[in-house]
Amino acid sequence: MTQQIDYFVIAPPLALALVAGLVLLLDAFLPARPRTKPVLGLVTLAGVLIALAFVIAQAIRGGPPRSTFCVPAGLAGPTRLCSFVADGFTLVFAGMVLVAAVVVVLMSMTELAAGGIPVGEWYFLLLCTLVGAVTLPASRDLIMLVVALELVSLPVFALTAMRRYDGRASEAAVKLFVVSVVSTAVMLFGVSLLYGVAGTVYLSRLAAVFSGQAPAPGLAETTALATAQSLPAVVSVGVVLVVAGFAFKIAAVPFHSWAADVYQGAPVPVAALLSVISKAAGFAGLILVLVAGLSGQAATWAPIVGVIAALTMTAGNLLAMRQRSAVRLLAWSSVAQSGYILAPLAVAAQGITPRLAGGTGALPAGTRAGAVGTSMAYLVIYAAMNLGAFAVVLLVSRTAARNELDDYRGLAFRSPAAGLALAFCLVCLAGLPPGLAGLFAKVFVFREIVAGGSGWLALIMAVNTVIGLYYYAVWTARLFTPPTAPVLARHRPTPTTWLAIGLALAAAVLFSIAPQLILDMTTLSAFG
């Protein structure tokens, strides 16, 4: 039997991989001239846009989800088992990652213009990270999920340490490396336990076994219903370890302590990549594993996700209040935002209780899609707002080495466009008008968790939303405080910086105009 590969389905990650190889070759053979840097940046940007065009073409084409890398029909049994599926969930995450990548590449062109960083290696590693980030939401088996997640993580170590002879960058890279290695080891241990019980790595087959729709190999019981009632305790251990592994990746409590130091030590474009693209990949994998693969074990992971969401938003907000560094504040703010994104998943989890009497063990598709769609919508809106904030932080970092909040004093007077753009992004992150995108994103989450019966989680989120208003308001107030000394006027911002700010701000404004449209699109795209 031959393996049939649908190249149109894998076109986005394949295009990124080919362009990564092209960038490496161009860097090796092009003469070392000042014009080489923008050429490599433009080639990288073209590769990202080509991959985005393939994602748009797949979305326009519509029809049923397309898949590839499937088990031949004679070996798969009654159900089709595929490792790579391009459905609505995949396209939404891939589109968001690639749009964010455009902004990150533009920010990288500004960062690399100052010199001191190898350009070819930078863009090659960035494209490798994007290959993993685009592949991960399409992965439908545990092996491809782990490989794609590591492809997102491994190049970031080198990107973080790319500023040679910078002790803070080296320290950040080592911390990120150690944390990632530990999280991968924990996750692989959990994956091995799940595979040992279920005898499969495919998410659909895992869901069938753990919800009682299919027997687990090696257990004494012969019926699926008996299997669901007699799963060993090691399954619960595996579920907990897998959740812990993903919690490292998304900087959720109690695995969050690395975030601020790594964000501050890394170059600003890498911090933006970690805050948006890497986080989006982590959430895509977590949603796939929990909702698509472990729905039958919701009784185990439901309380865990709920408690982690509450602790994450609380710790992130409390730690952000103490920060004087702009990047560290955004880092802890990103941790708090992870808690908001997790909250709807906790509600979905509480609805997926194994109903063994009926033999289904799954949440109704509409309810589950609504919870997943809410998390996806919040993540999309958060990505636009955070990228805009990081783009302005990159602009200020060129003139302020410490990049503290006091360096932003009077920014709206020195550079009105940058000051107003940052103010709008901060207002959106706080959830205040005129940033309707951030306001309605939080309203969507509130509505979902209240409807799911988690009043305690809604109360904790309400308190944390008020706490978050404080540090966002303090930073915004500094933007409009009369400056004590001219800081920004010493350097002229590059066009790529303004383009990055403009793209992120345009997305934030668009989402503020039609936030309900974003929720509807993500809910329809979420797998049921």
Side-chain angles (χ1 to χ4, degrees), residues 49 52-53 55-56 59-60 88-89 91-104 106-107 272 275-277 279-280 283 330 333-334 337 340-341 343-344 369-393 412 415-448 461 465 468-469 472-473 475-476 479-480 497-526:
L49 293 175
L52 181 59
V55 171
I56 295 173
I60 294 175
F89 178 85
L91 297 178
V92 168
F93 267 100
M96 178 185 62
V97 164
L98 292 173
V99 172
V102 171
V103 179
V104 172
L106 293 173
M107 294 171 62
S275 177
V276 175
I277 296 177
K279 188 180 293 289
F283 271 107
L330 285 176
S333 166
S334 177
Q337 301 291 342
Y340 300 145
I341 299 168
V372 174
T374 301
S375 288
M376 293 168 62
Y378 196 104
L379 185 58
V380 169
I381 294 171
Y382 154 81
M385 299 180 294
N386 226 43
L387 283 173
F390 269 108
V392 179
V393 168
S415 180
L420 293 176
L422 179 57
F424 183 77
C425 291
L426 293 177
V427 167
C428 286
L429 287 170
L432 294 174
L436 296 180
L439 173 63
F440 280 98
K442 288 183 170 59
V443 170
F444 296 152
V445 174
F446 272 118
R447 184 174 62 188
E448 194 68 32
M461 182 175 175
T465 300
L469 294 178
Y472 288 127
W475 194 356
T476 305
L479 301 176
F480 298 95
T497 305
W498 286 121
L499 187 56
I501 295 173
L503 288 175
L505 186 62
V509 172
L510 176 63
F511 296 159
S512 295
I513 295 174
Q516 183 64 42
L517 178 62
I518 305 301
L519 177 64
D520 294 340
M521 290 177 58
T522 53
T523 300
L524 290 174
S525 301

Among all residues two or more places apart in sequence or in another chain, which pass the side chain to side chain donor-acceptor pair (under 3.5 Å) test with Ser333? Tyr472

Residues forming a side chain to side chain donor-acceptor pair (under 3.5 Å) with Tyr340, sequence neighbours excluded: Asn317

Do you know the tightest heavy-atom contact between [X] and [Y]?
X: Ile501; Y: Ala421; value: CG2-CB, 3.8 Å
X: Gly419; Y: Leu479; value: O-CD1, 3.7 Å
X: Val276; Y: Ala383; value: CG1-CB, 3.5 Å
X: Ala280; Y: Leu379; value: CA-CD2, 3.8 Å
X: Ile277; Y: Ala100; value: CG1-CB, 4.0 Å
X: Thr522; Y: Gly373; value: OG1-O, 2.9 Å

Report the residues that fulfil side-chain contact (heavy atoms from CB on, under 4.5 Å) with [X], sequence neighbours left out, ordered by chain and then residue number.
X: Leu420; answer: Phe480
X: Ser375; answer: Ile341, Pro344, Leu345
X: Val103; answer: Met107, Leu387, Ala500, Leu503

Before giving the answer on side chain to side chain contact (heavy atoms under 4.5 Å, CB included), spell out for Leu519 and Arg447 the whole-Å C-alpha distance, their side-chain angles and the decisive distance to 0.1 Å. CA-CA 12 Å; Leu519 177 64; Arg447 184 174 62 188; 3.2 Å; yes

State the [atom1]-[atom2] distance between [X] and [Y], to the nearest 0.5 angstrom.
X: Leu510; Y: Leu517; atom1: CG; atom2: CG; answer: 8.0 Å
X: Thr374; Y: Phe444; atom1: OG1; atom2: CZ; answer: 8.0 Å
X: Ile518; Y: Met96; atom1: CD1; atom2: CE; answer: 11.5 Å

If you apply the rule side chain to side chain contact (heavy atoms under 4.5 Å, CB included), what do you find for Val102 with Leu98, and how did you get there? CA-CA 6 Å; Val102 171; Leu98 292 173; 5.9 Å; no

Which residues share a ring-ring contact (aromatic ring centres under 6.0 Å, His included) with Phe93, sequence neighbours left out: Phe89

Counting only pairs under 3.5 Å, give me each side-chain donor-acceptor contact of residues 422-434, with atom names and distances, residues two or more places apart or in other chains.
none

Residue pairs passing the side-chain hydrogen bond (donor to acceptor under 3.5 Å, both in side chains) test with at least one member in residues 499-511, sequence neighbours excluded, are none

Decide yes or no on side chain to side chain contact (heavy atoms under 4.5 Å, CB included) for Met376 and Phe283, but give the supporting numbers first. CA-CA 9 Å; Met376 293 168 62; Phe283 271 107; over 6 Å; no

Quick one about Ser334 and Tyr382 (side-chain donor to acceptor, distance below 3.5 Å, no hydrogens or angles considered), yes or no? yes

Counting only heavy atoms not in Phe440, do more than 12 fall under 6.0 Å of its CZ? no

